[in-house]
2 protein chains.
Amino acid sequence: MPKTAAAGKPARAPAKTVKTAKPAKVKRALPRAPAARSPAAVSRRLRQIEDKRSVILTAALGLFSRFGLHGTSIDQVAARADVSKSNLLYYFANKEELYVCVLRDLLAVWLEPLRGFSPEQDPRKAIGDYIRRKLVISRDRPDASRLFCLEMIQGAPLLRDELGRELRDLVERKSEVIRQWVADGKLAPVDPHHLIFALWATTQHYADFGVQVQAITGRTLDDPGFFEEAVDNVQRIVLQGASAHADSASGR
Amino acid sequence: MPKTAAAGKPARAPAKTVKTAKPAKVKRALPRAPAARSPAAVSRRLRQIEDKRSVILTAALGLFSRFGLHGTSIDQVAARADVSKSNLLYYFANKEELYVCVLRDLLAVWLEPLRGFSPEQDPRKAIGDYIRRKLVISRDRPDASRLFCLEMIQGAPLLRDELGRELRDLVERKSEVIRQWVADGKLAPVDPHHLIFALWATTQHYADFGVQVQAITGRTLDDPGFFEEAVDNVQRIVLQGASAHADSASGR
DNA sequence: GTCTATAATATGATAGAC
DNA sequence: GTCTATCATATTATAGAC
């Protein structure tokens, strides 16, 4: 694993007994359009390449999201994608590159829903919608959610830069929106960061801890009844809170 | 890895090219009190053994919680525990056993705080206290939280049984308490399962996604000010909700 | 109990024919 | 582009001396 010792290191505990640490070979770039040929043929070929890459990436996501980078072998990904190992290594120079590609595809999906927040919206509606959309993702792309979680747990060695930049900026912008809502009295006085964390946590939980959810409730988000139940409850908890309110019977 | 093919299998994608699948050797049991000796000497020895096991387990938790089972080598654990690899393998028959031991220690810690809930408590205080206690754990034992999360993501292959039994029973008992609170009008009408999920998710988030939290806020729970901020905000969100209430300015 | 080999093997990656 | 060897190595686990 410590083949490329210097660059963006993957999640692995620092080896104690390092032998020699080879001088980091430079890998070839991805197969790109070779040069001139009939335009139609080129585009057809490019599409085929992209398709195959995509098949591999999907297979990789499924395995990485369950077993992590080290728990998954190239062989397994290849088998799942129905290509040979060497063929896979033709499309992705090495395992780590494959992993990073999977992650990179993820981040975009990940940041998307948050972009929706804008000051002129009704915050209750905006937040309610956001919860639903994130739960849809937890239902339809639990593997994406899990891989993201896995990467976070490991300290996000391959996303750290993006985290520090893209994510942070987006969160800052949306925090400003939330602050505005609070200032306008449309939202209870709550710290935007912690509110965003609560939104992320409560919704992703159904994907990342899906096994636990199923062990306890016996159901999954694929069950439409349970899905709506989850949406409704998360929305109620985050928006109204669990305390009894004035309009219901009040204890103490 | 597919050495013991049958039993409680660890989180690894099913290998495609299985060679022979050996007939699962029976491993020796742990070193236990050999027999008769001076009682004092025996107890001293036993303590030493337990101490060493404990040191190894702690080192293992630290690494497993970051890099997972497959991302951690026995060598690394041994180095961190400051014992030789062979010596480690004297105390734990194999890597998997070590991993399971670490997990087993965890579950107890994990279930503890929830036991606190009882019907005669004021729910707001009970839930508020629970949030604080879980955040203390997220602060003081983030590695425990992360490993638990890792295991869940992977489908909890080694905890599945316990999940189905212990955890489920405990949650059922506490759900009954919550239902009682709701029936008494002390709590808003909320499904106990989803409330418990929300409590877990919002509090563990600060440990499991600690890197993200730090990337965004620049702070960690080790900062006392941030810790109190987190406690306060999570309590407010879960108990009162984010919506503006009657007593504050009401938008629309 | 602890150590030094060393066996056994899984897996990442490359070379080179076609 | 795809395949069949094949190499190289990291790592688990055991054997056996002390």
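Since the structure is predicted, the reported quantities are computational estimates derived from the model, not experimental observations. Quick note on labels: first sequence line is chain A, next is B, and so on, each numbered from 1.
- Note: NZ (A/K95) to P (C/dG12) measures 4 Å, nearest angstrom.
- Across the protein-nucleic acid pair, B/D75 atom CG and D/dA13 atom P stand 12 Å apart, rounded to whole Å.
- Here the P atom of nucleotide C/dT2 and the CD1 atom of B/I74 are 17 Å apart, to the nearest Å.
- Taken from OG in A/S138 to CD1 in A/I131, the straight-line distance is 11.5 Å, to the nearest 0.5 Å.
- Salt-bridge annotation for A/D169 and A/R173: absent, with no side-chain N of the basic residue lying under 4.0 Å from a carboxylate O of the acidic one.
- By the salt bridge (charged side-chain N to carboxylate O under 4.0 Å, His left out) test, B/E172 pairs with no residue at all, sequence neighbours left out.
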Identify the pairs formed between an N or O of the protein and an N or O of nucleotides 3-5 of chain D at a distance under 3.5 Å, and give each distance.
| residue | atom | partner | partner atom | Å |
| --- | --- | --- | --- | --- |
| D/dC3 | OP2 | A/S84 | OG | 2.7 |
| D/dT4 | O4 | A/S86 | OG | 3.0 |

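- Between the CD atom of B/E50 and the P atom of C/dG1 there is a distance of 11 Å, rounded to whole Å.
- Which of D/dA13, D/dG1, C/dA13 sits closest to the side chain of A/L89 comes down to C/dA13.
- The distance between atom CG of B/L69 and atom P of D/dT11, rounded to the nearest whole Å, is 13 Å.
- Ring pair B/F117/B/Y130 is perpendicular by interplanar angle, where above 60° counts as perpendicular and below 30° as parallel.
- Taking the six-membered ring for Trp and thresholds of 30 and 60 degrees, B/W200 and B/F197 have ring planes inclined between 30 and 60 degrees apart.
- One atom, CG of B/D51, and another, C1' of C/dG1, lie 15 Å apart when rounded to the nearest Å.
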Check residues 98-114 of chain B and write down every donor-acceptor pair under 3.5 Å in which the side-chain atom is one partner and the other belongs to a residue at least two apart or another chain.
| residue | atom | partner | partner atom | Å |
| --- | --- | --- | --- | --- |
| B/Y99 | OH | B/E151 | OE1 | 2.7 |
| B/R104 | NH1 | B/E162 | OE2 | 2.5 |

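- Computed from coordinates, the B/L88 CG to D/dT12 P distance equals 10 Å when rounded to whole Å.
- What separates NE2 of A/H70 from P of C/dT11 is a distance of 13 Å, to the nearest Å.
- When distances run from any side-chain atom of B/Y90 to the nucleotides C/dG12, D/dG1, C/dT2, the shortest one goes to C/dT2.
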